[in-house]
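The chains referred to below are lettered A, B, ... by the order of the sequence lines, with proteins before strands, and numbering in each begins at 1.
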Amino acid sequence: MPESNSSQYVGSRVKRREDPRLLTGRGRYVDDIKVAGMLHIAFRRSDYSHARILSIDTSAAKASPGVVEVFTAKDIEGEFNPVLAQSRMRDYQPTIMQILAADKVRFVGEAVVAVVAESRYLAEDAAALVEIEYDELPLVTDPEQALINSSAKLHEQMDSNVLLQREFNRGDVDEAFYGASVYIKERFRFTRKTSLAMENRTYLAEYNSAEQALTLHTTSQVPGIIRDILVDALDIPGSHLRVVAPDVGGGFGGKTSLYPEEVLAPILAKKLERPVKWTGDRIEDLISTSQGFDEIIDAEIAVDREGRILGLRADVIGDVGAYSIYPWTAGIEPVQVVSFLPGPYKIENYHGRVRGVATSKPPTGPYRGVGRPVSTFVMERLVDMAARELQMDPREIRQRNLVQPHEFPYKAASGIVWDQSGFTQGLNGACEAIGYDGLRRTQAQARAQGRMVGIGIASFAELTGIGSRLSASPGMPINTGTETASISVDSTGGITARFGVTSYGQGLETSLAQVVADELNVEISQIRILQGDSAAVSHSTGSYASRGAVLGAGAAILACRALDQKLKAVAAILLSSSAEDILIRDGVFSGPGSDEKLTFKDLAKAYYSQMGLIPAPIRNEIGELSATQMYDPEWGTTSSATHIALVEIDPDTFKVKVDKYVVAEDCGQMLNPMIVDGQVHGGVAQGIGAALYEEMIYDEQGQNLTASLVDYVVPSATEIPRMDVVHLDLEKPKTLGGVRGMGEGGTIGAPAAIANAVADALAPLGQQVTTLPVTPQRIFELVQAAKANQ
Amino acid sequence: MSNLKTISLTVNGEKVVRQVEPRLLLADFLRNELNLTGTHIGCEHGICGACTLLVNGDSVRSCLTLAIQVDGAEVTTVEAHGKPDSMSVVQEKFQQCHGLQCGFCTPGMLATAEDLLNKYPLVTEEDIREGLSGNICRCTGYQNIVDAVAAARDEVRSQ
């Protein structure tokens, strides 16, 4: 245990140690890495959404300057074992990953042919010369059609296009609806998005044939998961396969899955015995990186006269795209819409059903918030619509239904258990910070002037830092509940802490160094953090699902405690004291038995290098001055927040301007408040994008109409407001260090808050917001509809 | 290739003479020929702004510029703004204000910020946001970038 609780670094706005390299152009992203003899891959991708491949002619491509080899599915047959995402979910149908499309293509952008050449330019030249003849197959682009029409199947061997279905039941929903005063039924639509990390996906594979060892540099959030699956896919021992994620330029979920190109690069490096790199471009990112959300939600809510929610029903169709993504499965997104739909509210009667339907689009996968931006949008819209019917303030109806402080732990209607978290305090905190009552008066004045001004509230809860008792994705048979820290003091006194959790912008290198420095009582500058390398620790999955800080900090604390004991045992001998009496302050050991003081360097030298100071039997017992520990938070912990937005709609352009934005959240102990604020800001900005701008549009033919940043619009600095973030100082959760995860919350709350605010602005017109993004075009249509109704 | 053209330019204060293909992008030239990998490529169609750098003091998209177009010009990349132990004012303010997370858009943001600070009064927050609106950041929600530029403005102007 540390000597005192006067933690120096945890909780402070420590400047990020990764910044100097990133700010001066000295970061090291995958595409920055060059290796002697390196070749480049370019892909010829499918132009059709659903078609049989009749023939492929690669002769012109092979003859193109600089081309080393051209590969089709046939050319890599037998080079790998099939990859498919398994699940214990009943009625789940897995799909086999196509490394290169073999007999047919199932979405526009699916890789069919890989060209390997001396440069990326030459590889792309040659890829354009590949001739592919297709026979178009029946369209499977509309999820509702795909659900009922089993004659047009995307995967012939399957019973239907329904990859999964699941139901949640609690209480007697029919009875609850029978007794309701207010009943709302609505169809909601949350359209397809993409993570859009600024760095495109890039893979560099090197094969050392002498050692039969493979190294893959990848833009991944989960190098541990990638290593484990590639070991199986490529039949190579884990000891001989190293997966490295160096500096990674954002992820947000889009770099959490295994991709065909990520399997192909190692296959080709091995076949050609030369390093190969694929650097994806933005169009490839927009048409082949996992996409997010995309659900149709038919939902009903029953409420009594006092505004208490009596019952909730939902039927969700998730458009999961062409394949069930590895390792998360097609269930990760749509199932969580239904399991999180009851939100932070007390709902005794619930029926939720979800079906994930395969369509000829890129697979959906995790995108920041996963399921919960959608469930929160639907639930918060329903609550607001009920409040309007009852002529009750949106704040009041939430206050009446939120799980109250004395009611934790609370088992939600879908079975999720919320541990104590500031649900009501978040609502009150946000209202106070934005000056809610005053804002309502301002709004009334604006409305009197004919302005379209709206206020939107969104309250939500999420499970973060989940341990081994739950699976990060429904029924997924991979352990995502533990993380490892390995901390060592070398023979010079250098302290190195190795982690499995990776950083792709979150600043974990800094946050985790803060934790280690406090636990070991040393200067933070003495600590080196190594992460993003599958060789760093024996097992790891990576960073996703708001787990990095919870599991990383927990593992660090356990490892530091174990190391602390070893260090003190050694110090006790050197300082003629007993281990219990040894103090470590600012990296210096002292004890009552001696006036001598030892630095880490002194101690390490005495222990490792100066023979005779430590009796051999004791050194044999203590071993290396290092400790490796795994942390498992078992169930995880609840993070919660309330967001409030003030918006105004321009009456001429119907553009929505966000004028004020407040978040009040409970994320437990903050490791670094500066980083926490940054995470909230960035999450909210993505949520605003999802609410107002971003939409992946596919036409009836399955063609992507938004395959450029001109068409897939993400917010810039002029679309995002200044945000006010309130951190609630409440009882800490039981996780080690009292940490809750908070990387995704911003994106969970913002779409709902914006949707409610726009709906509130349009309320005098009697129109509802049911589809996101609520673009100027959609608002225009709502306004036109209101005029037509008059 | 037979159609190589010779270009001669100044990159970060150093004279560079190279033979290049006419189609070679400036961004690829810097990254692949000169190993200046601080310039990042985000979209290759001029929208995201990650590849922004300074050509003769003006901010330019290096993914929309051919290397042969900067023949005779003076190119400044992020590597020349400062070093890890001697960062520029703007770089320091970005660290202080937490104006970066993953760092991928950062070199472009820094180039745009330098250009804005050199040319415009940037009186209001709106001015700064407008000036930065051609650079996409997916991590920060912009607030801390805006604050960093404002802090740099205040420091530079007070000197």
For A:E694 and B:R138: C-alpha separation, side-chain torsions, deciding distance, then whether salt bridge (charged side-chain N to carboxylate O under 4.0 Å, His left out) applies. CA-CA 13 Å; A:E694 298 178 35; B:R138 195 64 163 162; 2.7 Å; yes
Region of B:E126 in contact with chain A, defined by heavy-atom distances below 4.5 Å: neither
Could you give the distance from CD1 (B:I136) to OG (A:S716), rounded to the nearest 0.5 Å? 7.5 Å
Taking atom CG of A:L286 and atom SG of B:C43, what is their separation to the nearest 0.5 Å? 9.5 Å
Please tell me if the side chains of A:D31 and B:R31 come closer than 4.5 Å, counting only heavy atoms from C-beta onward. yes
Which answer fits A:S503, side chain, backbone, both or neither, if we ask what part of it has an atom under 4.5 Å from a heavy atom of chain B? neither
Residue part contacting chain A, namely of B:L24, when any heavy atom lies under 4.5 Å: both
Considering non-hydrogen atoms only, spot the tightest contact between A:G249 and B:C102 and give its length. C-SG, 3.3 Å
Contact between B:T140 and A:Q679 at the side-chain level, heavy atoms closer than 4.5 Å - yes or no? no
Pairs of heavy atoms under 4.5 Å with chain B: top-ranked of A:I283, A:V248, A:I675: A:I675
Working to the nearest 0.5 angstrom, can you tell me the gap between A:M723 CE and B:N144 CG? 8.5 Å
A:R722 vs B:D147 side-chain heavy atoms within contact, under 4.5 Å: yes
So, the side chain of A:N200 versus the backbone of B:G42: is there a donor-acceptor pair under 3.5 Å, distance only? yes
Is the shortest side-chain heavy-atom distance between B:C48 and A:M198 below 4.5 Å? yes
Taking the side chain as C-beta and beyond, is there a heavy-atom pair between A:E18 and B:L100 under 4.5 Å? no
Please look at A:P721 and chain B and tell me whether the side chain, the backbone, both or neither of the residue comes under 4.5 angstrom of a heavy atom of that chain. backbone
So which part of A:Q506 gets closer than 4.5 Å to some heavy atom of chain B, the side chain, the backbone, both or neither? neither
How long is the span from the CD1 atom in B:I47 to the CG atom in A:L709, to the nearest 0.5 Å? 6.5 Å
Please identify, among B:M109, B:E92, B:E130, B:H40, the residue contributing the most non-hydrogen atom pairs under 4.5 Å to chain A. B:H40
Leading residue by heavy atom contact count with chain A [cutoff under 4.5 Å; candidates B:D28, B:I41, B:I145, B:I128]: B:D28
Would you call B:E44 and A:R120 a salt bridge, taking side-chain N to carboxylate O under 4.0 Å as the test? yes
Would you say B:E14 has more than 12 foreign heavy atoms packed within less than 6.0 Å of its CD? no
Per-residue contact mode, B:H45 against chain A (heavy atom under 4.5 angstrom): side chain
Heavy-atom pair count under 4.5 Å with chain B, highest-scoring of A:G25, A:S195, A:A717: A:A717
Walk me through it: do A:D19 and B:Q101 pass the test side chain to side chain contact (heavy atoms under 4.5 Å, CB included)? CA-CA 8 Å; A:D19 287 357; B:Q101 289 182 26; over 6 Å; no
In the structure I gave you, are the side-chain heavy atoms of B:Q95 and A:L23 within less than 4.5 Å of one another anywhere? yes
Only pairs of heavy atoms separated by less than 4.5 Å count here; which of A:G683, A:P715, A:G251, A:G27 has the most with chain B? A:P715
A side-chain contact here means heavy atoms from C-beta on lying under 4.5 Å apart; do B:H98 and A:R13 qualify? no
Spatial distance of atom NE2 (A:H681) from atom OH (B:Y142) [nearest 0.5 Å]: 14.0 Å
Under a 4.5 Å heavy-atom cut-off, does chain B meet the side chain of A:V684, its backbone, both or neither? neither
Which heavy atom of A:R26 sits nearest to which heavy atom of B:K83, and what is that distance? NH2-CG, 3.7 Å
In Å, rounded to the nearest 0.5 Å, how long is the span from CD of B:E21 to CG of A:L122? 7.0 Å
Kindly give the heavy-atom pair with the smallest separation between B:G141 and A:A685, and that separation in Å. CA-CB, 3.5 Å
Do other residues, nucleotides or ligands put more than 12 heavy atoms under 6.0 Å from the CZ atom of A:R528? no
Given that the side chain runs from C-beta out, which part of B:N32 has a heavy atom under 4.5 Å from chain A: side chain, backbone, both or neither? both
Would you indicate whether the side-chain heavy atoms of B:F104 and A:D247 approach each other to under 4.5 Å? no
Between chain B and each of A:G678, A:G507, A:A197, count heavy-atom pairs under 4.5 Å; write down the option with the most. A:G678
Evaluate the criterion side chain to side chain contact (heavy atoms under 4.5 Å, CB included) for residue pair A:K34 and B:N35; output intermediate values, then yes/no. CA-CA 9 Å; A:K34 289 190 196 79; B:N35 287 318; 2.7 Å; yes
Starting from the C-alpha separation in whole Å, work towards a yes-or-no answer on side chain to side chain contact (heavy atoms under 4.5 Å, CB included) for A:T24 and B:E79. CA-CA 5 Å; A:T24 59; B:E79 284 90 347; over 6 Å; no
Where do B:G103 and A:Y29 come nearest, in terms of heavy atoms and distance? C-OH, 3.2 Å
